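Worth saying up front: this structure is predicted, and the values here are computed from it rather than measured. Throughout, a chain's letter reflects where its sequence line sits, starting with A, and its residues are numbered from 1.
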2 protein chains.
Amino acid sequence: MSVGIRHDDLRRRNRAMVITAVRRAGRPSRTEIAATTGLSHSTISAISSDLIGEGILAEGKPSEAGALKRGRPQVGLGLNPEAAAVMTVVLSLNFLSVAVIDYAGQVISEEQRRLDTLTMSREALIGECVAIVRRRLEDPDIDVRSVARIALAIQGITDTEARAMLWSPITPQTNIAFADILEAQFGIPATMENDCNMMAVALRWRDPERYRDDFIAILLSHGIGMGLVLKGELFTGTHSSGGEFGHMIHRPGGALCRCGRRGCVEAYAGNYAIWRNAKQLGEDTEPVADVSDAQMRALAATARERDGPEREAYRKAGEALGYGLGSLFALIDPAPVAMVGVSAAAFDLIEPALREAIAQTAGGQHSKSISFDTEPNELPLIREGCAMRALTFVDQEIFAPGVQTKAGLAAKKNVA
Amino acid sequence: MSVGIRHDDLRRRNRAMVITAVRRAGRPSRTEIAATTGLSHSTISAISSDLIGEGILAEGKPSEAGALKRGRPQVGLGLNPEAAAVMTVVLSLNFLSVAVIDYAGQVISEEQRRLDTLTMSREALIGECVAIVRRRLEDPDIDVRSVARIALAIQGITDTEARAMLWSPITPQTNIAFADILEAQFGIPATMENDCNMMAVALRWRDPERYRDDFIAILLSHGIGMGLVLKGELFTGTHSSGGEFGHMIHRPGGALCRCGRRGCVEAYAGNYAIWRNAKQLGEDTEPVADVSDAQMRALAATARERDGPEREAYRKAGEALGYGLGSLFALIDPAPVAMVGVSAAAFDLIEPALREAIAQTAGGQHSKSISFDTEPNELPLIREGCAMRALTFVDQEIFAPGVQTKAGLAAKKNVA
DNA sequence: TCTATTTTTTCGAGCCCCGAAAAAACACTG
DNA sequence: CAGTGTTTTTTCGGGGCTCGAAAAAATAGA
């Protein structure tokens, strides 16, 4: 059963609340924080004075510096960029991308690298990741001790504890405990996240108006992935990252999927499936390993140009996505959708069939009110989400007495 | 954003924790409560002394009265049955069932009634519900003032706020705000719940070992319903009760469903669908309004006896359920399943095709480890869940200072 | 320079939880 | 049957936390 609340948890939680409020609002005054958190001015005053003393927050000008009002001017509180840093590692098909981000969210060092992930050995793959992290940590601009957390993201399935990649389409290797490996190597806490979940996290930071409590991020790429936020929480499976929207069954016994099974949504809507249908290769044809973005854009151009197998391929993709979303909506009710990835740029070709399909389902009752947004480039989104995930983890640690970051500890020593 | 924790919330939450611990454990001693809640003995002592003073808890013998040990004997704490009472109203096809339950969970008054829900007018339906509640409240055994909450359950879709029935297969009427209506009539807080969700709640109380944090309750009845518990929480949609497993799409454009759409899981696995297939009526045939339990049992008997359309009908049901579960598991990962309702008694006929189908899906990777349990009778389960739901609501109110029940207030006055 | 206004800090009061010690309630022992 | 050991429960003092009210601080406008 859930455990009782100890008295000291109180301060810890309220510190967290204040830090979160500052991260969200940018440079709020103490008064604003008091309003958003519902805590009293005295409490906010006490907590923020602690946090400033520990080097986590710093005073500055308020966000609306121009607004000259009567009375004592508000003092803006901001995150101290030097309080800590985090590192993001994004591993996607043939591509490895790493960045170091300061506590305020600015990139301070990055590196990207092409790899042949599909053919690499387990050791080589792990080795490359460790090496690139090491190189960034050795960057003279970086204070190694300030790096408080590493967040990895990978396309594929991760475990609920965010320790390991269980399965990924970008490599034949399975069950790599990346988080444990990096922690052992560098002594920095690490987590292993699912790429689509990070997309969802990023969308929420980018546009909290639209993507607030309930929304869906769907990756339309070589494979089909999903990040789901329900009731303000990232949705995950009971054992794994879950949310394998691409492997819901669209047609029992249908087209051959990259996962080896038949009839998955992805087997109609993934790049390889659109490609296969456009080239009229037959649904039993083994999926191709990769289709370049340029090839997909060319396919979409042809489909727009003339009515032929290309257009039909996109129509089938739309149908599969529509029925899949319909089934999903039967479970969770309709919610705003963000289509991300190269095929999101061809959403005009997908949408008609998608809407038609969704109208045939229980979730489609309000078909017209379901709104879609598109974002053709997934990588920046994944990186951004990863960074925010890592930073909010640090937020959770810094305020937790006894689990101080080094920066926090150092600052505390300075005060004492 | 989530609000800060006020100082007084602490006591409120910890009181809740103690009450919950007592409800779960039966007659735990203070020491046991301290262990399960993680709070200190002194805190438990203080809180339980308050709760006893307010008439919410009562001292008694410990549950294991026989265990004579050295030392001061434990004093068992139990819920005071007279602290409050709740009422459950379960509305199902042609049947209305009401019970009054004391704070310790014992039924103290009940009434059941046959109705013709499918043809009744809106006013008649509401009228019957109000009347039956009034009759129970006028029962001389019942102290009206002690009834602290009413929980209604209905087959169909309810809203997330648990105020109204939005749609139900048992009546052509839609959007009846039963909770508001009963509150207005009797001045007792009420909620409107989905029947399958209540089944899930009941299963958790019945067998917390098996049904703990993640599990699925599927109703195999005239329609197909689902109650889902994920990460220890009842899963609901963003706007409605959600979890409309029966209306996930099994075959796009397939068999005609009672909901008017095509290819839903229910259109293959609901009683009417099994009936339709067994009678070889064709998938476009309008679903029959009702099939009696006896008819379904006869159908199952025939299917067990000989290989014919009856057996094939169950096979098709199994297939639809299997692919549906496969898609569900792709989203949430596999979890224990309880099959409830009359067709659960025919699960032997359903299971082979179900397992075969599920093995074709992403969720079926661990097909053998997915375990099914069956419970042919849904009504007792729904009633029980409803009662527990209402009682835990009361638990949440009694401990919230300022929202005392009448019983709580009276007891407090006596003390003062 | 003074006043009105708004933000921020200070201070005492009131709660709450915890650990340690005391009290209570029994079984066992000789 | 009184004394001893054991376990549960209560009591008590200490340390923290949040809150409201009042004071202090910082500025625009008169």
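Here C:dT10 presents its P atom at 10 Å from CZ of A:Arg30, a figure rounded to the nearest Å. As a whole-Å value, the separation of A:Arg70 CZ from D:dG29 C1' is 5 Å. For the pair B:Ile44 CD1 and C:dG19 C1', the interatomic distance rounds to 15 Å; values are reported in whole Å. Summarising the geometry, the separation between CD1 on B:Ile47 and C1' on C:dC15 is reported as 12 Å, rounded to the nearest angstrom. The interatomic distance linking A:Asp9 (CG) with C:dC16 (P) rounds to 16 Å, in whole Å.
Using modelled atom types, one finds no donor on one side chain facing an acceptor on the other under 3.5 Å when comparing B:Ser45 with B:Ser42.
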Salt bridge (Lys or Arg N to Asp or Glu O under 4.0 Å), that's the test. Do B:Asp214 and B:Lys231 meet it? Break it down for me.
CA-CA 6 Å; B:Asp214 303 283; B:Lys231 301 186 208 328; 5.3 Å; no
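Nearest-nucleotide assignment on DNA chain C puts the 5′-proximal partner with A:Gly71, out of A:His41 and A:Gly71.
With hydrogens and angles ignored, no donor-acceptor pair closer than 3.5 Å exists between the side chain of B:Ser40 and the base of C:dG19. For D:dT8, the base has a donor-acceptor partner in the side chain of B:Arg72 [N/O atoms by modelled type, under 3.5 angstrom].
Using a 4.0 Å cut-off between charged side-chain N and carboxylate O, A:Arg15 and A:Glu54 make a salt bridge. At a threshold of 4.0 Å, the pair B:Arg389-B:Glu384 does not count as salt-bridged, since none of the basic side-chain nitrogens sits closer than that to a carboxylate oxygen.
Using a 4.0 Å heavy-atom criterion, one finds that B:Thr31 contacts the sugar-phosphate atoms exclusively.
Out of D:dT18, C:dT9, D:dT10, the shortest distance to the side chain of A:Arg11 is found at D:dT18.
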